[in-house]
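All values below were derived from every heavy atom in this structure, side-chain atoms included, with hydrogens, water molecules and symmetry-related copies excluded. Chain naming here is simple, since letters A, B, ... match the order of the sequence lines and numbering starts at 1 in each.
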Amino acid sequence: MGWTDERVELLKKLWAEGLSASQIAGRLGGVTRNAVIGKVHRLGLSGRATSSRSSAPRPRRAHAPRQNRAPSLTFGTRGNVALKPSYEAEYEPAPAPVTELVIPLHERATILTLKESMCRWPIGDPTEEDFHFCGRKKEGPVPYCEHHARMAYQPVQARRREKRFASG
DNA sequence: CCCTGATTCGC
DNA sequence: GCGAATCAGG
């Protein structure tokens with residue numbers, strides 16, 4: 001996948017908006033953050049971040065691979081499966097809260113930018129363009145941030161109250 | 001450890 | 001020109 005005019009324009013735009021190289025790589029797809037950074041430099045767009053990097057003049061190292069790498073990735077884009085909260089026996093589903101949070105544009109996580117450490121609570125309609133994941137930091141085995149974990153794993157007791165009835 | 005951009009250099 | 005590997009820093 002090469003750098004078409006469209007791709008370069010999108011790169012320029014996103015870079016100007018302040019997105020990180022990895023974020024841009026995720027949006028473009030088919031490229032790594034290294035590729036984005038390399039392109040940015042070739043385009044002469046660099047010089048956005050800290051400039052305190054000239055402290056140590058690189059001793060001219062950093063080599064390139066032989067020809068051995070080439071991961072040769074094969075993407076099988078099949079369905080658009082949004083992760084919905086799953087529940088264990090001790091829990092019952094929360095009333096499917098659509099979303100009460102607005103994630104800043106530059107923090108939104110797509111399927112491409114989602115990391116293992118990021119909250120994968122789906123936000124929006126998967127068929128829509130602006131569909132994204134929460135993306136905030138999560139902890140432990142729970143796939144959500146603290147906030148969304150509370151929504152996903154609502155204690156049974158808390159929900160049972162409404163089902164109670166007088167029968168004896 | 002997570003991330004960021006910067007740089008070199010085989011291809 | 002491209003970008004993985006590597007480096008240097010937060």
Of all the heavy-atom pairs spanning A:Val142 and A:Ala149, show the shortest one and how long it is.
->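 Shortest heavy-atom contact: CG1-CB, 3.8 Å.
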
Can you see which heavy atom on A:Arg136 is nearest to which on A:Cys145, and at what distance?
->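 Between these two residues, the closest heavy atoms are NH2-SG, 3.1 Å.
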
With a 4.0 Å cut-off on heavy atoms, is A:Lys137 in touch with a base, just the backbone sugar-phosphate, or nothing at all?
->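 Nothing: the residue A:Lys137, judged by heavy atoms under 4.0 Å, touches no strand.
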
Checking all strands, does A:Ser117 fall into the base, sugar-phosphate, or nothing category for heavy-atom contacts under 4.0 angstrom?
->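 Nothing, no nucleic acid heavy atom in range.
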
Once you round it to whole Å, what is the distance between [atom2] of [N] and [atom1] of [X]?
{"X": "A:Arg7", "N": "C:dG3", "atom1": "CZ", "atom2": "P", "value": "11 Å"}
{"X": "A:Glu116", "N": "B:dC3", "atom1": "CD", "atom2": "P", "value": "11 Å"}
{"X": "A:Arg136", "N": "B:dC3", "atom1": "CZ", "atom2": "C1'", "value": "19 Å"}
{"X": "A:Gln23", "N": "B:dT4", "atom1": "CD", "atom2": "P", "value": "7 Å"}
{"X": "A:Ile24", "N": "B:dG5", "atom1": "CD1", "atom2": "C1'", "value": "11 Å"}
{"X": "A:Asn34", "N": "C:dA4", "atom1": "CG", "atom2": "P", "value": "6 Å"}
{"X": "A:Leu19", "N": "B:dT4", "atom1": "CG", "atom2": "C1'", "value": "13 Å"}

Aromatic plane relationship, A:His148 with A:Trp121 - under 30° parallel, 30 to 60° tilted, over 60° perpendicular =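 Parallel, since the angle between the ring planes stays under 30°.
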
Which nucleotide in the list C:dA5, C:dG3, B:dT4 gets nearest to the side chain of A:Thr32?
->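 The nucleotide sitting nearest to the side chain is C:dG3.
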
Closest listed nucleotide, where the reference is the side chain of A:Val31 and the choices are C:dA5, B:dG5, C:dG3 =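 Taking heavy atoms from C-beta onward, the closest nucleotide is C:dG3.
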
Pick the nucleotide of DNA chain C nearest each of A:Gly2 and A:Arg33; which residue has the one closer to the 5' end?
->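 With A:Gly2 and A:Arg33 compared, the 5'-side residue is A:Gly2.
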
Side-chain contact test, heavy atoms from C-beta onward, threshold under 4.5 Å: evaluate it for A:Leu14 versus A:Gln23 and give yes or no.
->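 No, every pair of side-chain atoms sits at 4.5 Å or beyond.
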
If we only count heavy atoms from C-beta on, is the A:Leu19 to A:Arg27 side-chain gap below 4.5 Å?
->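 Of all side-chain heavy-atom pairs linking A:Arg27 with A:Leu19, at least one is under 4.5 Å.
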
Interface with DNA chain C, restricted to residues 35-44 of chain A and to heavy atoms under 4.0 Å =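 Contacting residues: A:Ala35, A:Lys39, A:Arg42.
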
Is the number of heavy atoms from other residues, nucleotides or ligands under 6.0 Å of A:Lys115 NZ greater than 12?
->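 Counting other residues, nucleotides and ligands, NZ of A:Lys115 exceeds 12 neighbours.
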
Think A:Trp15 has a side-chain N or O under 4.0 angstrom from the OP1 or OP2 of B:dG5?
->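 No, because none of the side-chain N or O atoms of A:Trp15 sits under 4.0 Å from OP1 or OP2 of B:dG5.
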
Donor-acceptor contacts under 3.5 Å from residues 33-44 of chain A side chains, at least two apart:
none

